[in-house]
Student: 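To start, I am sharing the structure in question, which I have written as structure tokens.
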Number of protein chains: 4
Amino acid sequence: MARTRDLILEEALKLFSEKGIKETTVRDIARAVGITEGAIYRHFESKDQIVHELFEKYSGELYDRIEKALRDSGDEEGKFKRVVEAFLDFAFRKPDAFRYMNIFHHLRGKEVKRIRKIPFNLLSELIGDLHRKGILKMEPEYALAVVTGTLERVFLYKSMGIIRGRKKEIREKTAELLWKGLVECGGS
Amino acid sequence: MARTRDLILEEALKLFSEKGIKETTVRDIARAVGITEGAIYRHFESKDQIVHELFEKYSGELYDRIEKALRDSGDEEGKFKRVVEAFLDFAFRKPDAFRYMNIFHHLRGKEVKRIRKIPFNLLSELIGDLHRKGILKMEPEYALAVVTGTLERVFLYKSMGIIRGRKKEIREKTAELLWKGLVECGGS
Amino acid sequence: MARTRDLILEEALKLFSEKGIKETTVRDIARAVGITEGAIYRHFESKDQIVHELFEKYSGELYDRIEKALRDSGDEEGKFKRVVEAFLDFAFRKPDAFRYMNIFHHLRGKEVKRIRKIPFNLLSELIGDLHRKGILKMEPEYALAVVTGTLERVFLYKSMGIIRGRKKEIREKTAELLWKGLVECGGS
Amino acid sequence: MARTRDLILEEALKLFSEKGIKETTVRDIARAVGITEGAIYRHFESKDQIVHELFEKYSGELYDRIEKALRDSGDEEGKFKRVVEAFLDFAFRKPDAFRYMNIFHHLRGKEVKRIRKIPFNLLSELIGDLHRKGILKMEPEYALAVVTGTLERVFLYKSMGIIRGRKKEIREKTAELLWKGLVECGGS
DNA sequence: CATGAATGAGGTTTCATTCAT
DNA sequence: TATGAATGAAACCTCATTCAT
């Protein structure tokens with residue numbers, strides 16, 4: 001079945017995000033899927049291919065969602081908030097994927113360049129835009145640091161139980177808080 | 001010599017922070033130090049001991065610096081800014097250690113509980129304090145996410161060359177930006 | 001093949017009984033079987049598992065044979081002699097296993113307790129029985145020492161060429177000699 | 001100090017007899033003595049030298065005791081019993097040495113031939129003598145098996161707590177039991 | 001497509017021994 | 001004599017990958 005291929009990706013993602021990439025063996029993946037090691041190689045050339053394909057898959061997915069959020073929106077505030085919420089929505093819906101993307105980034109940062117759809121770039125452009133239009137006074141690099149850092153941590157603290165509440169509420173609070181903090185207050 | 005022990009820690013830190021923990025072999029460390037693999041085991045019981053000792057060492061060091069910053073300060077604003085700056089100062093002075101601590105956290109989060117001096121806890125208390133005193137209106141969990149996330153990213157973007165400038169300047173800008181964004185703007 | 005697993009056990013037994021357990025390396029075993037070291041670990045989790053499995057296997061086998069000898073017999077004298085002969089029969093047929101069991105006992109005595117089928121226990125019960133019935137006058141602990149010690153040595157001296165003769169003859173002589181020496185002569 | 005040399009032998013003996021020869025490291029020995037590994041090599045050329053020296057030392061000591069017992073005795077019965085008691089006396093006084101000699105024999109049987117004073121040989125001659133003189137009717141090889149086997153087991157069961165009682169009592173009982181069993185009953 | 005045994009390279013660890021001090 | 005750091009060989013074990021079935 002073509003389904004097996006997806007199952008492999010699915011289970012690999014789970015394991016990678018829980019234990020780390022190197023810490024997860026091909027055997028672990030095979031057992032989780034319910035097949036044997038050899039069978040993995042009918043679907044993928046190597047473990048590394050799984051690793052990369054997973055990153056590109058979810059990277060692309062998140063990219064597309066953010067792009068959509070950018071298109072569908074109205075004014076600048078709406079745009080910003082929608083993007084932030086799209087990020088968190090993705091993280092909450094697919095926590096394994098979000099965690100995995102961070103792990104991958106940390107360990108294989110250099111390999112990321114070959115990939116086209118990098119969510120970070122959209123965020124970076126959006127913030128650059130806001131700055132160019134005079135809406136965001138603060139230096140955009142710092143704003144980028146605040147936004148990406150906060151998003152990652154909100155997700156992390158939510159999955160650790162430090163931040164509680166309904167997902168929708170968390171998304172909205174975070175978007176509001178970032179907009180206020182960066183745009184309404186941030187002089188340079 | 002007792003010197004060798006420190007050299008091992010030093011080179012291990014460098015390698016771990018560059019390539020990851022599992023990705024670094026004992027042989028890598030030995031070669032970097034200029035000894036053989038076996039010699040490592042005269043100084044450490046296992047690779048894992050090196051991994052843990054490094055985390056505790058730098059965790060403790062950062063903890064102590066933040067504690068000192070908390071003691072030496074004046075009003076609440078000064079306290080907050082000083083702590084933020086202490087964090088970044090540590091990160092800029094010992095980037096390998098800072099990067100390593102993040103890697104360790106990501107992968108071995110559960111093992112962190114056994115350790116006493118966790119910098120995160122000081123930050124957490126400080127922000128809890130500010131909230132209790134009515135200075136910080138925002139929910140403290142979110143503020144914590146903003147602060148820790150931003151600190152990590154400012155460091156990261158600086159080491160990637162995205163954020164430029166003198167270290168002192170970066171520290172001060174970041175502290176200012178966080179204080180304004182969280183305290184002066186953050187309604188609930 | 002499931003065959004490989006048995007081959008590993010077979011060759012390991014041979015080597016352990018010749019050279020000792022610690023003195024035999026996993027590579028030795030692999031070479032004897034004609035595979036690589038790694039392949040061993042597809043069949044056993046560790047060298048120690050091989051060590052234990054071998055002991056339990058042959059311990060159980062000897063146990064079962066003695067139990068059978070106890071069931072099939074007639075009067076007390078027949079019972080005793082049959083058990084003695086069963087012991088030696090096993091030792092002569094599977095000298096490696098018998099030697100190995102002794103080695104294991106000497107070195108890992110404490111680990112024996114976890115095992116259920118211990119041939120020694122059957123012998124101990126039989127002799128206790130004979131004593132309770134008044135057939136054996138001597139203190140049973142001493143009788144046990146004489147029997148187990150003699151059995152081990154007869155086997156040893158036979159394999160060293162000190163004792164010669166057909167196996168059947170040796171078995172019968174030993175049984176006769178022990179019965180006479182212990183029962184017919186042994187006052188307390 | 002020349003004393004250190006003896007301490008090394010003493011502690012090595014203890015460790016070898018407890019854990020086995022290969023299972024005891026040079027470091028174990030050094031630590032037990034309270035010196036460092038390197039110091040061992042001031043006194044011995046190699047671990048193997050310790051192993052051999054220990055065997056020869058205690059082998060010789062037991063040999064001499066038995067020889068003395070043979071000289072000091074009266075009639076054949078006295079001779080036999082005295083030798084048996086000398087064996088057990090040695091075993092009870094120096095259990096580590098006795099246990100070690102057995103371990104050594106099991107593992108390095110072939111290396112024993114180079115050694116001159118082998119207690120087994122005295123026993124063997126004594127029993128041969130008894131047989132030649134018509135006192136012992138049984139084939140001497142079997143008698144040897146009974147005697148050596150019983151001695152080893154009586155010692156073993158005593159140190160395991162299976163056989164209890166004062167040492168003198170055990171020695172006498174064993175000697176009596178063997179004499180009766182072998183000589184007074186043993187027809188061929 | 002799938003199995004599962006096997007490979008082979010490489011990982012961590014152990015340990016008898018050497019050697020500068 | 002003694003130290004203790006270091007070596008180097010070899011031990012046990014892991015794992016991505018291949019391959020006959």
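In what follows, every chain begins at residue 1, and chains take the letters A, B, ... in the order their sequences are listed. Computed over heavy atoms, backbone and side chain alike; hydrogens, waters and symmetry mates excluded.
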Student: Atom CD1 of D:Ile50 to atom C1' of E:dC15: distance rounded to whole Å?
Tutor: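 Roughly 14 Å, once rounded to whole Å.
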Student: Would you indicate which nucleotide in E:dT13, F:dT3, F:dC13 comes nearest to any side-chain atom of B:Val26?
Tutor: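 For B:Val26, the side-chain atoms sit closest to E:dT13.
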Student: In this structure, how many angstroms lie between the C1' atom of E:dA16 and the CD atom of D:Gln49, rounded?
Tutor: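 My rounded result for the distance is 14 Å.
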Student: My understanding is that a pair needs two contacts under 3.5 Å, Watson-Crick or G-U wobble. By that rule, which nucleotide pairs with E:dC19?
Tutor: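 Partner of E:dC19: F:dG4.
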Student: From the set E:dA16, F:dT17, E:dT12, return the single nucleotide nearest to any side-chain atom of A:Lys47.
Tutor: F:dT17
Student: Could you check which of F:dA16, F:dT3, E:dT7 has an atom nearest any side-chain atom of D:Thr36?
Tutor: F:dT3
Student: According to a strict under-4.0 Å criterion, is D:Thr4 in side-chain N/O contact with OP1 or OP2 of F:dT1?
Tutor: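 For F:dT1, neither OP1 nor OP2 has a side-chain N or O of D:Thr4 closer than 4.0 Å.
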Student: Do the non-hydrogen side-chain atoms of B:Leu9 and B:Arg5 ever get within less than 4.5 Å of each other?
Tutor: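 B:Leu9 vs B:Arg5: side chains touch.
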Student: Side chain of A:Ala39 only, please: which of E:dA6, E:dA16, E:dA2 is the nearest?
Tutor: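 Closest nucleotide among those given: E:dA2.
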Student: Nearest to the B:Lys22 side chain among F:dC15, F:dT3, E:dT7, which nucleotide is it?
Tutor: F:dC15
Student: Would you kindly give the CZ-to-P distance between B:Arg5 and F:dA6, to the nearest whole Å?
Tutor: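 Roughly 13 Å, once rounded to whole Å.
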Student: For C:Glu45 and B:Gly38, take the nucleotide of DNA chain F holding the closest heavy atom to each; which residue's nucleotide lies nearer the 5' end?
Tutor: B:Gly38
Student: State whether C:His43 places a side-chain N or O below 4.0 Å from either non-bridging phosphate oxygen (OP1 or OP2) of E:dG4.
Tutor: no
Student: Judged by each residue's nearest nucleotide on DNA chain F, which is more toward the 5′ side, D:Arg42 or B:Ile35?
Tutor: D:Arg42
Student: For B:Ser46 and E:dT12, is the shortest distance between a side-chain N/O and OP1 or OP2 below 4.0 Å?
Tutor: no
Student: Specify whether B:Phe55 and B:Phe104 have parallel, tilted or perpendicular ring planes, treating 30° as the upper limit for parallel and 60° as the lower limit for perpendicular.
Tutor: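 Parallel: the ring planes of B:Phe55 and B:Phe104 meet at under 30°.
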Student: Send over the distance from D:Arg3 CZ to F:dT1 C1', rounded to a whole Å.
Tutor: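 About 17 Å, once rounded to whole Å.
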Student: Measure up the D:Phe155 and D:Phe98 rings against each other and bin them: parallel (under 30°), tilted (30 to 60°), perpendicular (over 60°).
Tutor: perpendicular
Student: Applying a 4.0 Å non-hydrogen cut-off, can you work out what D:Thr25 is touching in the nucleic acid: base, sugar-phosphate, or nothing?
Tutor: sugar-phosphate
Student: Decide, yes or no, whether a salt bridge links A:Glu61 with A:Lys94 under the criterion of side-chain N to carboxylate O below 4.0 Å.
Tutor: yes
Student: Does a side-chain N-to-carboxylate-O contact under 4.0 Å join C:Arg108 and C:Asp48?
Tutor: yes
Student: So, does D:Tyr41 get its side chain near the phosphate of E:dT17, meaning an N or O under 4.0 Å from OP1 or OP2?
Tutor: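 The answer is yes; a side-chain N or O of D:Tyr41 sits under 4.0 Å from OP1 or OP2.
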